[in-house]
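This report refers to the structure that appears directly beneath it.
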Amino acid sequence: MKPMDHLEHLDKHLVDELAQVARETVRDELREQTRKQRRKASLYAASGALALYAGAALALAVGLALALGLPDWAAALITAVILGAAAYVLRGMARPARPGSGQTADAVPGHEAAGQAAAAAGGLPYPPVPPAPPAPGTVPPRPTDDPDVPRREA
């Protein structure tokens, strides 16, 4: 028996213990982080529910105020139109036009005005297309104003 064989067993045992401690530490840390995130998520959910009820109460107040001078059905209809318009505006704010999509926020898809508006804004609605495909074996020249192309110093 070699004198270092018992040390090899100790090394394996030490590595196993170290791995176990590391696993337990990571598990405890993740458990703590998820507990904090769960609490934060439940507070956001409660806040959203209360905001929903507050919005409903506000819509009811608007409807009742309009019902003082209008028939009840007209007040309810006006309140619904106001809420629908607010929802449409918020939806538009949440989904702005993406750069490079070829459409602006006020452009209708499929119309030529979208391309003209994008070109006037400083960009093209789509990348330029060459008139014919390149011949086999030829390499197109690199643009000189491309910032991604490294420049050789003379």
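Remember, it's a predicted structure, so these values are computed and weren't measured experimentally.
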Q.
Quick check for you: to the nearest 0.5 Å, what is the distance between Leu64 atom CG and Asp72 atom CG?
A. 8.5 Å
Q) Hey, what do you get for CD (Gln37) to NZ (Lys40), rounding to the nearest 0.5 Å? A) 7.0 Å
Q: Kindly give the cluster partners of Leu58, where membership spreads through any ILVMFWY side chain lying under 4.5 Å from a current member.
A: none
Q: List the steps, then state whether salt bridge (Lys or Arg N to Asp or Glu O under 4.0 Å) holds for Glu32 with Arg35.
A: CA-CA 5 Å; Glu32 182 65 28; Arg35 186 177 301 127; 2.8 Å; yes
Q. So, for Ala75 and Ala67, which heavy atoms are closest and what is the spacing to 0.1 Å?
A. CB-N, 3.5 Å
Q | Residues in salt bridge (Lys or Arg N to Asp or Glu O under 4.0 Å) contact with Asp16, at least two apart in sequence or another chain | A | none
**Q.** Close side-chain approach of Glu29 to Thr25, heavy-atom, < 4.5 Å
**A.** no
Q) Any side-chain heavy atom of Leu30 sitting closer than 4.5 Å to one from Gln33? A) yes
(Q) Test of understanding: clusters of I, L, V, M, F, W, Y form through side-chain heavy atoms closer than 4.5 Å, transitively. Do Val62 and Leu83 belong to the same one? (A) no
